[in-house]
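One structure below.
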Amino acid sequence: MNWANESSPKEFVLLGFSDKPWLQKPLFVLLLISYTTTIFGNVSIMIVCILDPKLHTPMYFFLTNLSILDLCYTTSTVPHILTNISHNKKTISYAGCVAQLIIFLALGATECLLLAVMSFDRYVAICRPLHYVVIMNPWFCLRMIAFSWFTGFSNSVLQSSLTLNMPRCGHQEVDHFFCEVPALLKLSCADTKPIVAELFFFSVLILLIPVTLILISYGFIAQAVLRIKSAEGRRKAFGTCGSHMVVVALFFGTSIYMYLQPPSSTSKDWGKIVSLFYGIFTPMLNPLIYSLRNKDMKEAFKRLMLLTFYYKK
């Protein structure tokens with residue numbers, strides 16, 4: 001596969017908000033806090049889900065995968081952005097750009113599919129509780145996770161190859177914080193309409209199909225929850241599913257805005273803000289939403305803290 005063409009530069013210049021120097025320090029502080037919170041939150045969820053036997057269920061198996069994914073997702077972009085801002089250096093090597101593009105796109109697509117899998121898990125748990133253990137067996141869960149990761153990376157290789165093979169005629173200034181498909185397409189000196197159409201097709205498969213399945217799952221879940229006689233049961237079900245829907249709305253809403261419209265129609269600064277939101281802030285919010293709005297997670301954190309304190313004594 002030819003990742004480069006005759007017009008490929010040795011490095012790209014990532015402009016970011018270079019035309020607004022007063023934003024550099026506040027942005028650096030905001031990204032540093034967000035990244036630190038993302039690492040702490042997601043690592044905490046991974047540790048708790050792995051160490052607490054009560055959380056060895058399909059729901060928390062998927063949540064652990066989501067935490068691993070979000071950790072890698074932000075790490076593919078944020079450290080380089082922070083380095084560029086702190087050293088006033090705006091460049092990235094061509095190889096680094098290719099790696100960043102593939103990894104960021106792959107993990108983003110995988111998250112779309114994983115959120116759909118998690119919604120199916122909640123659908124079975126609430127609408128088919130007597131069949132839950134049979135349907136959501138360990139082998140099925142592993143296959144769903146493997147499918148999500150494999151499809152995500154396959155989609156990334158296809159979209160990345162289409163994007164990187166477009167002629168750029170020496171253009172190397174990327175008007176973004178990191179290497180992303182919409183920003184790189186703007187460097188092309190050829191007609192991008194055929195490529196945009198192909199990328200749009202892949203984006204529909206990765207974005208619209210999962211979000212449609214999620215909405216259908218939660219439509220059935222809402223009907224089932226409303227039939228629950230116990231107020232406590234309804235509250236617990238809505239609490240668990242409500243946190244998931246917040247994640248879905250934040251992630252899919254911003255991703256659809258960015259990828260399901262032509263790159264030329266995206267506002268320059270607004271597109272950067274939106275990409276920061278689904279690429280950096282949503283992974284930070286995921287552990288906060290799942291831990292603060294989930295009774296089982298809060299109790300597991302308490303048990304782990306008590307256990308740690310006991311061993312220290």
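Heads up: numbering here begins at 1 and tracks the sequence.
Between P283 and P287, the closest heavy-atom pair is O-CD, 3.1 Å. In plain terms, the two heavy atoms of T74 and G279 that are nearest each other are CG2-O, 3.5 Å. Contact detail for A116 and I214: the closest heavy-atom pair is CA-CG1, 3.6 Å. Scanning both residues, L207 and P210, for their nearest heavy atoms gives O-CD, 3.5 Å. Across all non-hydrogen atoms, the minimal contact from S275 to M258 is CB-CE, 4.4 Å. A pairwise comparison of heavy atoms in P79 and T75 identifies CD-O, 3.2 Å as the closest pair.
Atom OG of S119 sits about 7.0 Å away from atom CG of L213, to the nearest 0.5 Å. For the atom pair CG of L63 and OG of S67, the computed distance is 4.5 Å after rounding to the nearest 0.5 Å. How far OG of S44 is from CD1 of I39: 11.0 Å, rounded to the nearest 0.5 Å. If you take CD1 on I221 and CZ on F120, they are separated by 10.5 Å, rounding to the nearest 0.5 Å. Atom CG of N42 is separated from atom CG of L69 by 9.5 Å, given to the nearest 0.5 angstrom. The structure places OG of S86 at 10.5 Å from CD of Q24, a figure rounded to the nearest 0.5 Å.
Looking at L66 and E111, their side chains come closer than 4.5 Å, going by heavy atoms from C-beta outward. Using a 4.5 Å cut-off on side-chain heavy atoms (C-beta onward), H80 and F178 make no contact. Residues V124 and H131 fail the side-chain proximity criterion, which asks for heavy atoms closer than 4.5 Å. Contact of the L114 side chain with the I145 side chain is registered, since non-hydrogen atoms from C-beta on lie closer than 4.5 Å. Considering only heavy atoms from C-beta on, L187 comes within 4.5 Å of F12 through its side chain. Side-chain contact between P58 and F140 is absent, with no heavy-atom pair separated by less than 4.5 Å. Side-chain atoms of L82 and F28, non-hydrogen and from C-beta on, do get closer than 4.5 Å to each other. Using a 4.5 Å heavy-atom threshold, the side chains of F62 and M136 count as touching.
In terms of modelled atom types and a separation under 3.5 Å, the side chain of D52 and the main chain of V48 share no donor-acceptor contact. Listed for the S156 side chain is no donor-acceptor partner under 3.5 Å among the backbone atoms of G152. Remark: the backbone N or O of L185 is not paired with any side-chain donor or acceptor of S188 at under 3.5 angstrom. Of the possible donor and acceptor atoms, none in the side chain of S148 sits under 3.5 Å from a partner among the backbone N and O of T110. Using modelled atom types, no side-chain atom of D121 and backbone atom of V117 make a donor-acceptor pair closer than 3.5 Å. Between the side chain of H176 and the backbone N or O of L15, no donor-acceptor pair lies under 3.5 Å.
Ring geometry for Y259 against Y278 counts as tilted: the plane angle lies between 30° and 60°, on a 0 to 90° scale. Using a 30° and 60° split on the angle between ring planes, F153 and W149 fall in the parallel class, below 30°.
Linking Ile, Leu, Val, Met, Phe, Trp and Tyr residues whenever their side-chain heavy atoms come within less than 4.5 Å leaves V133 and L55 in two separate clusters. Linking Ile, Leu, Val, Met, Phe, Trp and Tyr whenever their side-chain heavy atoms come within less than 4.5 Å leaves I206 and F200 in two separate clusters. Hydrophobic clustering of Ile, Leu, Val, Met, Phe, Trp and Tyr side chains at less than 4.5 Å, counting indirect connections, keeps I209 apart from L113. A single hydrophobic cluster is not seen to contain both F150 and F202; linkage of ILVMFWY side chains at heavy-atom distances under 4.5 Å, directly or through other members, places them apart. In this structure, L158 is a member of the same hydrophobic cluster as F201, with clusters built from ILVMFWY side-chain heavy atoms closer than 4.5 Å.
By the neighbour-count criterion of 12 heavy atoms within 6.0 Å, atom CZ of R128 is sparsely surrounded, having that number or fewer from other residues, nucleotides or ligands.
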### Query
Are C97 and L184 close enough, and set up right, to give a side chain to side chain contact (heavy atoms under 4.5 Å, CB included), and what steps lead you there?
CA-CA 10 Å; C97 184; L184 289 174; 4.2 Å; yes
### Task
Check the pair V248, Y218 against side chain to side chain contact (heavy atoms under 4.5 Å, CB included), reporting the backbone distance first and the verdict last.
CA-CA 11 Å; V248 168; Y218 278 99; 5.5 Å; no
#### Entry: side chain to side chain contact (heavy atoms under 4.5 Å, CB included) between C127 and Q223, worked out
CA-CA 9 Å; C127 301; Q223 291 180 349; over 6 Å; no
### Query
Should L164 and Y94 be marked as a side chain to side chain contact (heavy atoms under 4.5 Å, CB included) after you check the CA-CA gap, both sets of side-chain angles, and the distance that decides it?
CA-CA 10 Å; L164 293 168; Y94 181 80; 4.2 Å; yes
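Remark: of the listed residues N65, T38, N286, N286 is the sole one forming a side chain to side chain donor-acceptor pair (under 3.5 Å) with D70.
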